[in-house]
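Note sheet for the following structure.
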Amino acid sequence: MKKNNLPTLFILFALFLTACSISDAANINAKNMLSMKDTQQMGDLVGKSDKAYEITKASFTDKGIQIEYPQIINMKDSNKQKAINEIIADGAYGFLKNYSLEAEEFSMEIQYEIKWKTNHFLSIQYSGISHDKGTAHPVNNFYTTNIDINKEKKLKLADLVNIDEGFVKKFIGGEFKETMPEHNYILSIFTTKEWLTMLNKADSNETEICSYFTENALGISVGVSHAVGDHAEFEIKYEDILENIKNDNELWKLFPKK
């Protein structure tokens with residue numbers, strides 16, 4: 001592939017972050033990003049009973065690339081709304097940094113799911129497929145963004161959970177429930193010490209591990225072989241990790257633990 005044929009798309013997004021596995025240190029011009037070919041699709045509101053804000057679907061389409069992502073609307077504080085929407089967009093578009101491919105030979109389709117939405121917290125999961133014609137097979141993509149609405153801040157797993165050996169033993173010992181039995185093999189590949197290091201780096205560019213939060217459970221996604229889907233998710237109820245909860249984080253006061 002000839003580098004001089006790289007599309008403008010990848011030049012513009014070269015510094016963007018992913019919410020899982022791309023550098024948090026990259027400087028991103030989300031304002032410019034949002035001003036491109038995004039189309040707001042109104043009427044797809046989520047959580048209408050939550051009066052603090054609502055969510056609508058936005059999408060970006062360019063050649064073989066289509067990325068759908070949420071955007072916040074109807075928040076009283078317009079500056080806060082703008083800041084949070086930039087965090088969301090950074091995560092959604094940032095996944096493109098994983099690729100330096102010609103648009104003619106590359107395709108990507110990403111959708112999102114709101115895993116949990118409250119007045120103070122938002123957890124977003126992205127999933128889809130990307131394919132470079134120069135590779136042997138498509139890749140199943142999975143990444144997430146967790147946001148502290150009050151502080152306008154992206155959160156990592158270690159911000160909310162004390163990841164110690166006890167937590168790791170629960171993770172690799174079967175207390176986390178896998179979504180597919182064939183994914184269990186990944187838990188025995190690494191030692192407790194290695195898992196301890198990797199889980200503490202979750203939601204960063206240093207590992208493929210990312211986290212998400214539902215109303216009742218914490219979810220952790222790890223990379224696995226393509227033969228079993230490229231990613232695997234494991235979940236545990238909050239009530240089963242009470243001793244690992246960082247109570248100094250005010251968000252936990254809002255999480256159901258029973």
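Any value given below was found using the heavy atoms of this structure, including those in side chains, with hydrogens, waters and symmetry copies removed. Here the structure is a predicted model, which means the values were calculated and not measured.
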**Request:** If a pair satisfies ring pair (Phe, Tyr, Trp, His ring centres under 6.0 Å) and one of its residues is in residues 70-92, list it, with sequence neighbours excluded.
**Result:** none

Any donor-acceptor pair under 3.5 Å from [X] side chain to [Y] backbone:
X      : Y      : answer
Gln71  : Asn85  : yes
Asn244 : Asn162 : yes
Lys154 : Ile88  : no
Lys57  : Tyr112 : no
Gln66  : Ile110 : no
Trp116 : Asn216 : no

Once rounded to the nearest 0.5 Å, what's the spacing between atom [atom1] of [X] and atom [atom2] of [Y]?
X      : Y      : atom1 : atom2 : value
Ile87  : Asn146 : CD1   : CG    : 11.5 Å
Ser130 : Glu109 : OG    : CD    : 11.0 Å
Asn79  : Asp77  : CG    : CG    : 5.5 Å
Ile55  : Asn74  : CD1   : CG    : 11.5 Å
Glu208 : His231 : CD    : NE2   : 11.0 Å
Tyr185 : Ile189 : OH    : CD1   : 5.0 Å

Could you check whether any side-chain heavy atom of [X] comes within less than 4.5 Å of a side-chain heavy atom of [Y], counting everything from C-beta outward?
X      : Y      : value
Tyr238 : Val161 : no
Ile124 : Pro70  : yes
Met75  : Ile84  : yes
Val222 : Phe190 : no

**Donor on one side chain, acceptor on other, Gln111 and Glu113, under 3.5 Å** = no

**Message:** Applying salt bridge (charged side-chain N to carboxylate O under 4.0 Å, His left out), can you list everything that pairs with Glu175, at least two apart in sequence or on another chain?
**Reply:** none

**Request:** Could you pull out all residues at least two apart from Lys237 that satisfy salt bridge (charged side-chain N to carboxylate O under 4.0 Å, His left out)?
**Result:** none

**Request:** Please confirm whether Phe60 and Tyr69 have ring centers closer than 6.0 angstrom.
**Result:** no

**Message:** With a 6.0 Å cut-off on the ring centroids, do Tyr126 and Phe142 count as close?
**Reply:** no

**Fill in**
Lys151 meets the side-chain contact (heavy atoms from CB on, under 4.5 Å) criterion, sequence neighbours left out, with Asp148, Lys153, Glu250

**Request:** Check side-chain contact (heavy atoms from CB on, under 4.5 Å) between Thr179 and all other residues, then give those that pass, not counting sequence neighbours.
**Result:** His183, Glu233

**Asked** Can you name the residues that form a side-chain hydrogen bond (donor to acceptor under 3.5 Å, both in side chains) with Ser127, not counting sequence neighbours?
**Response** none

So, for [X] and [Y], which heavy atoms are closest and what is the spacing to 0.1 Å?
X      : Y      : result
Ser59  : Glu68  : CB-CG, 4.0 Å
Lys246 : Ala158 : NZ-O, 2.5 Å
Lys170 : Asp240 : NZ-O, 2.5 Å

**Asked** Stepwise, does the salt bridge (Lys or Arg N to Asp or Glu O under 4.0 Å) test hold for Lys117 with Glu215?
**Response** CA-CA 8 Å; Lys117 170 184 179 287; Glu215 185 176 353; over 6 Å; no

**Message:** For residues 158-169, which residue pairs pass the salt bridge (Lys or Arg N to Asp or Glu O under 4.0 Å) check, not counting sequence neighbours?
**Reply:** none

**Request:** Sorted by first residue and then second, give each salt bridge (Lys or Arg N to Asp or Glu O under 4.0 Å) pair with at least one member in residues 185-201; sequence neighbours left out.
**Result:** Lys201-Glu206

**Request:** Could you tell me how the ring of Phe213 sits relative to the ring of Phe121: parallel (under 30°), tilted (30 to 60°) or perpendicular (over 60°)?
**Result:** perpendicular

**Request:** Spell out, yes or no, whether Tyr143 and Ile129 are grouped together once hydrophobic residues are joined by side-chain heavy atoms under 4.5 Å, including indirect joins.
**Result:** no

**Message:** For Leu157 and Ile163: C-alpha separation, side-chain torsions, deciding distance, then whether side-chain contact (heavy atoms from CB on, under 4.5 Å) applies.
**Reply:** CA-CA 9 Å; Leu157 177 61; Ile163 305 168; 3.7 Å; yes

**Request:** Answer yes or no on whether Lys76 is positioned over the face of Tyr53, meaning its NZ or CZ is under 6.0 Å from the six-membered ring centre and within 45° of the axis.
**Result:** no

**Fill in**
For Tyr212, the ring-ring contact (aromatic ring centres under 6.0 Å, His included) test, sequence neighbours excluded, returns none

**Fill in**
Phe167 meets the ring-ring contact (aromatic ring centres under 6.0 Å, His included) criterion, sequence neighbours left out, with Phe176

**Prompt:** Taking it one step at a time, do Leu199 and Val168 satisfy side-chain contact (heavy atoms from CB on, under 4.5 Å)?
**Reply:** CA-CA 8 Å; Leu199 288 171; Val168 173; 4.0 Å; yes

**Asked** Is Lys80 paired with Glu152 through a side-chain N to carboxylate O contact shorter than 4.0 Å?
**Response** yes

**Message:** One pair to check against side-chain contact (heavy atoms from CB on, under 4.5 Å): Thr192 and Ile172. What are the steps and the verdict?
**Reply:** CA-CA 8 Å; Thr192 298; Ile172 64 179; 3.7 Å; yes

